[in-house]
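Only one structure is covered here, and it is reproduced in the block below.
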Amino acid sequence: MTSAPTRSTAPPPEQVARIQRRTLAVLSASQIVGGVGVAVGLALSSVVVDELSGSTVISGFAGTATVLGAALLALPTARAAGRGGRRAGLSLAYLAALAGCLVSALAISLRWWPLLLAGLVLVGGGSAANLAARYSATDLSPRDRSARHLSLVVWASTIGSVAGPNLAEPADALGVDLGLVEKAGPFAFAALAFGLALVVVLGLLRPDPLALARELDGTREEGGKRRGMIRTGLQTLRTTPMARRALIMIAVSHTAMVSVMSMTPVKLHHDGSNLDVIGLVISLHIAGMYMLSPVVGWLADKAGKVPVLMLGMALLVSAAALAGTAGHHVGQVTVALVLLGLGWSCGLVAGSALVSESVPLERRTAVQGLSDLLMNVCGATGTIVAGAIVGLLGYGVLGLVVALMAGLSGLWLTFAVRRRAR
């Protein structure tokens, strides 16, 4: 007797395409509500820390705490995804952010700023989830559409990022009406936003895109434990030059963007610009970061990820040079900040897609976790170094330093790719 042939339970290609479209819609929805939570929580964080501590210096740690939290949660989020799928990883990050908002609201009620900083570290889980979501978009995407699919999820962040700060004041007023102390309402609202994002992911991200991708590929994760994940990620980067280059470009793009963007409001304020002008410049910068990301994704799939990365470095050089030589010309600073956002978008979208397609599926979460860890660490470091440069040498010198960093990185990438092609 012969045994009956084993039937594959994997869905056919047309069903996989439908699942991917649903996955992108669910991820975009979670990005919108999660982005609202991040923006609302951060809109008043430095102000509240300043009020509770009575120190402008300490208030600067509010943003640092959130970035640090995103960095600390990058690997646990990736590890949870590696073990249990994208749903598990995103849920862990959103749950941490929700808990952080509740801790922050309690800290404001107790008027205890150290507890507020601790809560903001956990709030960084919202940023970690939003970054991890972009990689989740590539699990089931065809190779020639990975950047476009990733960019759609990045674009969805625009809605939350723009709407969030405008909801902070109404949330504060509603919180006071409900009996919360002043400034606690926005964090309570952010907790609700992260809770909704958690419900969206847990209830609707089915089937899990990473689990299905592994089923289709016939692979399983390597390096599930923390040390194993770091070791696996580093080994993969050592043996995969293209992934290593893409990761470095992501880090350079983020460092350049954060360094210039974080110090531009200070520069404009010192030049006499009012808050409305500063807010408009930053809003246009955010639009540059996110609004054209689908175009960047399409270009990366059509022209190639590496050329778009080179374009991103060129845009960052131009932005830094314009910002550094702007003097008191607000219009030139505005153009520089828009170009800065576009350069960052090229680096993030093309670099992230290149990271995903360059490494085997079973090692993908390990490398992606290291990518987000490095990105956030560089962002935090860039903010601190940029403040020191501007304080000691001036905003113009910061522009020169960032232009040199981006320019040398672009030349290095060009040389490395050409040497490989020989």
Side-chain angles (χ1 to χ4, degrees), residues 39 63 151 154-155 157-159 161-162 165-166 249-300 303 307-351 378-379 382-383 385-387 389-391 393-411 413:
S151 68
V154 172
W155 179 87
S157 304
T158 310
I159 301 174
S161 299
V162 172
N166 297 311
M249 291 299 104
I250 293 172
V252 170
S253 300
H254 195 62
T255 304
M257 185 276 292
V258 170
S259 298
V260 177
M261 182 271 291
S262 64
M263 298 311 300
T264 298
V266 178
K267 181 256 193 310
L268 292 174
H269 177 68
H270 288 170
D271 287 346
S273 297
N274 59 37
L275 293 179
D276 290 338
V277 171
I278 295 173
L280 177 61
V281 172
I282 297 301
S283 294
L284 291 173
H285 165 68
I286 293 173
M289 291 173 62
Y290 295 113
M291 289 296 289
L292 293 180
S293 56
V295 177
V296 173
W298 174 85
L299 185 62
V308 173
L309 284 173
M310 294 176 181
L311 173 63
M313 292 302 109
L315 288 170
L316 291 173
V317 171
S318 301
L322 283 173
T325 59
H328 298 291
H329 299 288
V330 177
Q332 185 170 329
V333 173
T334 304
V335 172
L337 266 288
V338 172
L339 292 177
L340 187 74
L342 286 172
W344 176 87
S345 183
C346 289
L348 183 79
V349 171
C378 287
T383 302
V385 174
I389 291 175
V390 172
L393 302 172
Y395 186 79
V397 176
L398 174 64
L400 174 62
V401 171
V402 171
L404 285 173
M405 177 182 68
L408 291 174
S409 298
L411 290 174
L413 178 63

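Side-chain contact between Val308 and Val349 is absent, with no heavy-atom pair separated by less than 4.5 Å.
The shortest heavy-atom contact between Met261 and Pro265 is O-CD, 3.0 Å. Taking both residues in full, the closest heavy atoms of Ala386 and Met263 are given as CB-CG, 3.8 Å, listed atom of the first, atom of the second, then distance.
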Would you give me the side-chain donor-acceptor pairs under 3.5 Å for residues 249-258, sequence neighbours excluded?
from	atom 1	to	atom 2	distance (Å)
Ser253	OG	Met249	O	2.8
His254	ND1	Trp344	NE1	3.1
Thr255	OG1	Ala251	O	2.7

Enumerate, atom names and distances included, each donor-acceptor pair closer than 3.5 Å involving a side-chain atom of residues 292-299, sequence neighbours excluded.
from	atom 1	to	atom 2	distance (Å)
Ser293	OG	Ser151	O	3.3
Ser293	OG	Trp155	N	3.4
Ser293	OG	Tyr290	O	2.8

Could you list the donor-acceptor pairs under 3.5 angstrom formed between side-chain atoms of residues 394-409 and any protein atom two or more places apart in sequence or on another chain?
from	atom 1	to	atom 2	distance (Å)
Tyr395	OH	Thr264	OG1	2.8
Ser409	OG	Met405	O	2.7

Enumerate donor-acceptor pairs with a distance under 3.5 Å from any side-chain N or O in residues 309-317 to protein atoms, sequence neighbours excluded.
none

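Judged purely by atom type and a 3.5 angstrom limit, Gln332 uses its side chain to pair as donor or acceptor with the backbone of Leu322.
For Pro307, there are no side chain to side chain contact (heavy atoms under 4.5 Å, CB included) partners at least two apart in sequence or on another chain.
For the atom pair Leu284 CG and Met291 CE, the distance stands at 11.0 Å (nearest 0.5 Å).
Tested against Leu340, the residues Leu337, Val338, Leu342 include a single side-chain contact (heavy atoms from CB on, under 4.5 Å) partner, Leu337.
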From CA spacing to verdict: side chain to side chain contact (heavy atoms under 4.5 Å, CB included), Ser273, Val330: CA-CA 8 Å; Ser273 297; Val330 177; 3.7 Å; yes
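Sequence neighbours left out, the pairs with a member in residues 263-274 that pass salt bridge (charged side-chain N to carboxylate O under 4.0 Å, His left out) are Lys267-Asp271.
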